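As structure tokens, the structure follows; a few thoughts come after it.
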Amino acid sequence: MQSSSGPAPTRIVCLGGDYVALFLCRALRGAIRRGLVDVTVISRDNFHTYHGFVAEMLVGRIQPGQIMSPARRIFAPAHFHNAEIERVDTGAKTVTTSRILDGREQVLPYDHLVLGLGSTDDLARYPGLAEHAHRLRSYWDAFRVRNDIISMLEMAEIETDPAERRRLLTFVIAGGNYGGVEVASELSEYFDLLVRKEYPRLEREEFRIVLVHSGDRILPELGQHHPKLADYGQRITERSGIEVRLRTKLVAATPEEAVTSAGERIPTRTIISCTGTAMSPLLDQLRGAERERPGGGRVCTDACGRVAGAPEVWAGGDCAATPHPKGGSYPPLAIYAMAAGWRIGRNVLRVARGEAPKPARFAGLGDAVSLGRRRAVAHLKGIPFYGLPGWILWRIFLLGFVPTWDRRVRLVVDWVLTPLFGRDVVNMRLQQPVGLGREMYEAGQEVVRQGDIGRRLYLIWKGEVEVVRQEPNGVEQLLAVLGPGQHFGETAVFSNVRRTATVRARSRVELVSLGRSEAVALSESSQQFAAAVRRLPGTGAEQAPVAH
Ligand SMILES: Cc1cc2nc3c(=O)[nH]c(=O)nc-3n(C[C@H](O)[C@H](O)[C@H](O)COP(=O)(O)OP(=O)(O)OC[C@H]3O[C@@H](n4cnc5c(N)ncnc54)[C@H](O)[C@@H]3O)c2cc1C
């Protein structure tokens, strides 16, 4: 909407399409219409994810789509550019994106760049977490967890081995922050309901929810300024039957257990991580930008939202360390990301008009966290609310920040209908677990079991495994010891027979696994691959029918 006679509009490019972008566009809506600025929001998803109701979505209280708002509606009249952001060149003032189909690149010039890239999960710090813990960061993470929970219940219902049944019904959540506490509390209520109706053959006592938290008490976001609210939250959480492990971290994970820093090994098939954040690698490309700590952390901004050391670059939300008017920096919460988007929008306009930007005065509005069963703790400008009043406030508070009216109405409809019809326990899993995966096992754990159907081929990356066969007389015979670079699982995958041996980790072992259809396709298209995987590891001989 550029005016034909006036100066060219100031070009503003926003990286990331969530809370920062949402309020940036709201602040600039009038200026876009008047042709003063030209705003483009770039994001890999063409929707905004509303994290506040992720826990309700996981437990089928609301339909999955209710937490997504269409980018083209909420950012209008700004342009929306749906692609992966690849590079930022603050010297040339360009952003390079690649399209999802084939990686073809496009270059977008800007006058002002706004960073709303959020954060990512850092699960690489402990072995096995990246491979076996779920994240809740993106919509797709949450959608996968929702369906996996239902899968666990379905498998447990028909499981005859009591130990495996209990493992399927144990849910370990890492992080006693808002996200972790809400997920644990919602799961507790969900399981109460499901054993009464949909899963009568499961006993409520068979379920375990373990919340692992590194601090002295859960809800650290509240604990600092509102210790009474945090204490109440902890009491309710423990009374809900959730096992809270304080001053404890998850230090390793395998497909069948979670290992804590206290040395506890918790048999489980589901680990949900709500902790451990890392910054987008795109921040490393900002020339001269100051970071929270040398070489990493959030980008530092002044109180106006401008990135220190990088002219015409602004940042807000989870990727920015912006000074809080009361000291410290803004915490990584949605309300501060929204305030940052708004403030940056107004300030870019001021700068474009040749005026000085204004520093942030926003010092927070309130906090609220749901504890399940219509209870919450909340405060509004420091006034505390507990239990049902807190929960009503929490719902109103969060509903008010849902970006579109259409999603607000749909949420309310779900809230009214769910108590009448029950939770949605449809497993919407899109496909079988195929493809390339990474797995980690601790010494003594079985990777494949003799007699099972073989669905995956394994390549050893680190560690050692032993291949053993159980003879009819019950004696176990050691067939081979395999190490890095060797493989197993090919007999069952290629010959379509059951596993002919058990493969057990001798040490901590890290594996790359390949789904059957991919392994077959690779061996049909590459003779070298076919020859290599059919050869008995370490001998060069054609694979004998020893394994697995
Ligand atoms: C499970 C969960 C529950 C939460 N609950 C609450 C709560 O109850 N209350 C609260 O205040 N806060 C809550 N939060 C925190 C809140 O969601 C964050 O503070 C907020 O999302 C930060 O907003 P943002 O705009 O900075 O970044 P984000 O919301 O993280 O958005 C980042 C955007 O950047 C895009 N992006 C990143 N890299 C690229 C790339 N290379 N190419 C293209 N696009 C890219 C992403 O797609 C996304 O659109 C919760 C968070 C989680 C994960």
Side-chain angles (χ1 to χ4, degrees), residues 17-19 22 43-75 82 134-155 157 171 173 178-199 209 270 272 274 334 368-376 391-392 394-432:
D18 260 298
Y19 299 92
L22 183 63
S43 182
R44 61 166 71 100
D45 292 317
N46 91 329
F47 52 83
H48 169 280
T49 304
Y50 193 75
H51 290 107
F53 292 132
V54 161
E56 297 215 354
M57 183 271 236
L58 294 185
V59 298
R61 197 198 290 273
I62 57 173
Q63 285 298 314
Q66 316 304 34
I67 63 167
M68 308 152 93
S69 297
R72 297 205 165 264
R73 214 172 286 163
I74 60 173
F75 300 134
N82 186 199
H134 292 286
R135 305 157 171 84
L136 283 180
R137 185 71 47 177
S138 72
Y139 172 79
W140 297 111
D141 296 333
F143 187 70
R144 213 170 296 125
V145 176
R146 174 203 181 278
N147 295 318
D148 267 23
I149 293 168
I150 300 169
S151 288
M152 293 304 140
L153 303 189
E154 293 296 348
M155 286 188 278
E157 238 249 357
F171 298 81
I173 294 138
Y178 286 178
V181 170
E182 286 191 353
V183 169
S185 308
E186 286 291 344
L187 282 180
S188 171
E189 183 183 353
Y190 188 45
F191 298 149
D192 281 356
L193 295 171
L194 295 191
V195 293
R196 273 189 245 142
K197 247 181 138 185
E198 283 83 2
Y199 297 90
I209 303 167
T270 311
I272 303 172
C274 297
V369 55
S370 164
L371 303 170
R373 300 179 182 85
R374 296 200 172 86
R375 288 166 308 189
W391 183 80
I392 293 168
W394 170 78
R395 272 232 167 140
I396 294 172
F397 197 66
L398 263 66
L399 190 65
F401 286 111
V402 172
T404 60
W405 270 106
D406 108 74
R407 287 309 192 272
R408 275 182 218 153
V409 172
R410 285 167 202 257
L411 276 165
V412 173
V413 169
D414 275 6
W415 287 337
V416 171
L417 294 184
T418 301
L420 298 177
F421 298 118
R423 302 295 176 94
D424 185 357
V425 285
V426 170
N427 186 349
M428 300 180 187
R429 197 169 55 156
L430 296 175
Q431 56 181 28
Q432 293 298 320

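Given the structure is predicted, the values throughout are model-derived calculations rather than measurements.
Across Ala376 and Trp394, no two heavy atoms sit closer than the pair CB-CB, 4.2 Å. Among all heavy-atom pairs drawn from Ser43 and Asn82, the shortest one is O-ND2, 3.0 Å. Pairing each heavy atom of Tyr190 with each of Asp424, the nearest pair is OH-O, 4.2 Å. The two atoms that bring Pro403 and Ile74 nearest to each other are CB-CG2, 3.7 Å, heavy atoms only. In terms of heavy-atom proximity, Tyr199 sits nearest to Glu157 at CD2-CG, 3.7 Å.
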Apply the test side-chain contact (heavy atoms from CB on, under 4.5 Å) to residues Leu136 and Ile272: give CA-CA distance (whole Å), side-chain angles for both, the deciding distance (0.1 Å), then the verdict. CA-CA 8 Å; Leu136 283 180; Ile272 303 172; 3.8 Å; yes
Residue pair Glu154, Asn427: steps toward the side-chain contact (heavy atoms from CB on, under 4.5 Å) verdict: CA-CA 9 Å; Glu154 293 296 348; Asn427 186 349; 5.8 Å; no
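With His51 contributing its side chain and Arg137 its backbone, the two residues share a donor-acceptor pair below 3.5 Å. In terms of modelled atom types and a separation under 3.5 Å, the side chain of Asp141 and the main chain of Ser138 share a donor-acceptor contact. A donor-acceptor pair under 3.5 Å is formed between the side chain of Thr418 and the backbone N or O of Arg61. A donor-acceptor pair is defined here as one N or O able to donate and one able to accept, closer than 3.5 Å; such a pair exists between the side chain of Arg408 and the backbone of Val402. Proximity of a side-chain donor or acceptor of Arg407 to a complementary backbone N or O of Met68 within less than 3.5 Å is detected. Panel note: side chain Asn147, backbone Met428; a donor-acceptor pair is recorded below 3.5 Å. Of the possible polar contacts, one joining the Glu182 side chain to the Ser370 backbone as a donor-acceptor pair under 3.5 Å is found.
A heavy-atom distance below 4.5 Å is not found between the side chains of Val59 and Glu189. A heavy-atom distance below 4.5 Å is not found between the side chains of Leu58 and Glu186. The closest side-chain heavy-atom distance from Val183 to Val145 is not below 4.5 Å. Counting only heavy atoms from C-beta outward, the side chains of Tyr139 and Pro64 approach each other to under 4.5 Å. Looking at Trp415 and Ile62, their side chains come closer than 4.5 Å, going by heavy atoms from C-beta outward. In this structure, the side chains of Tyr50 and Leu411 stay at 4.5 Å or more apart for every pair of heavy atoms. With a 4.5 Å cut-off on side-chain heavy atoms, Leu153 and Val425 do not count as touching.
With no hydrogens or angles considered, no side-chain donor-acceptor pair links Arg375 and Ser185 at under 3.5 Å. Side-chain contact annotation: Asp414 with Gln66, donor-acceptor N/O pair under 3.5 Å present.
The structure places CG of Asp148 at 4.0 Å from NE2 of His134, a figure rounded to the nearest 0.5 Å. Rounded to the nearest 0.5 angstrom, Phe143 CZ and Met57 CE are separated by 7.0 Å. Between the CZ atom in Phe53 and the CG atom in Leu398 there is a gap of 4.5 Å [rounded to 0.5 Å].
Of the options Phe75, Tyr19, Phe401, a ring pair (Phe, Tyr, Trp, His ring centres under 6.0 Å) to His48 is made by Tyr19 and by none of the others.
Between Asp406 and Arg410 there is a salt bridge, since a side-chain N of the basic residue sits under 4.0 Å from a carboxylate O of the acidic one.
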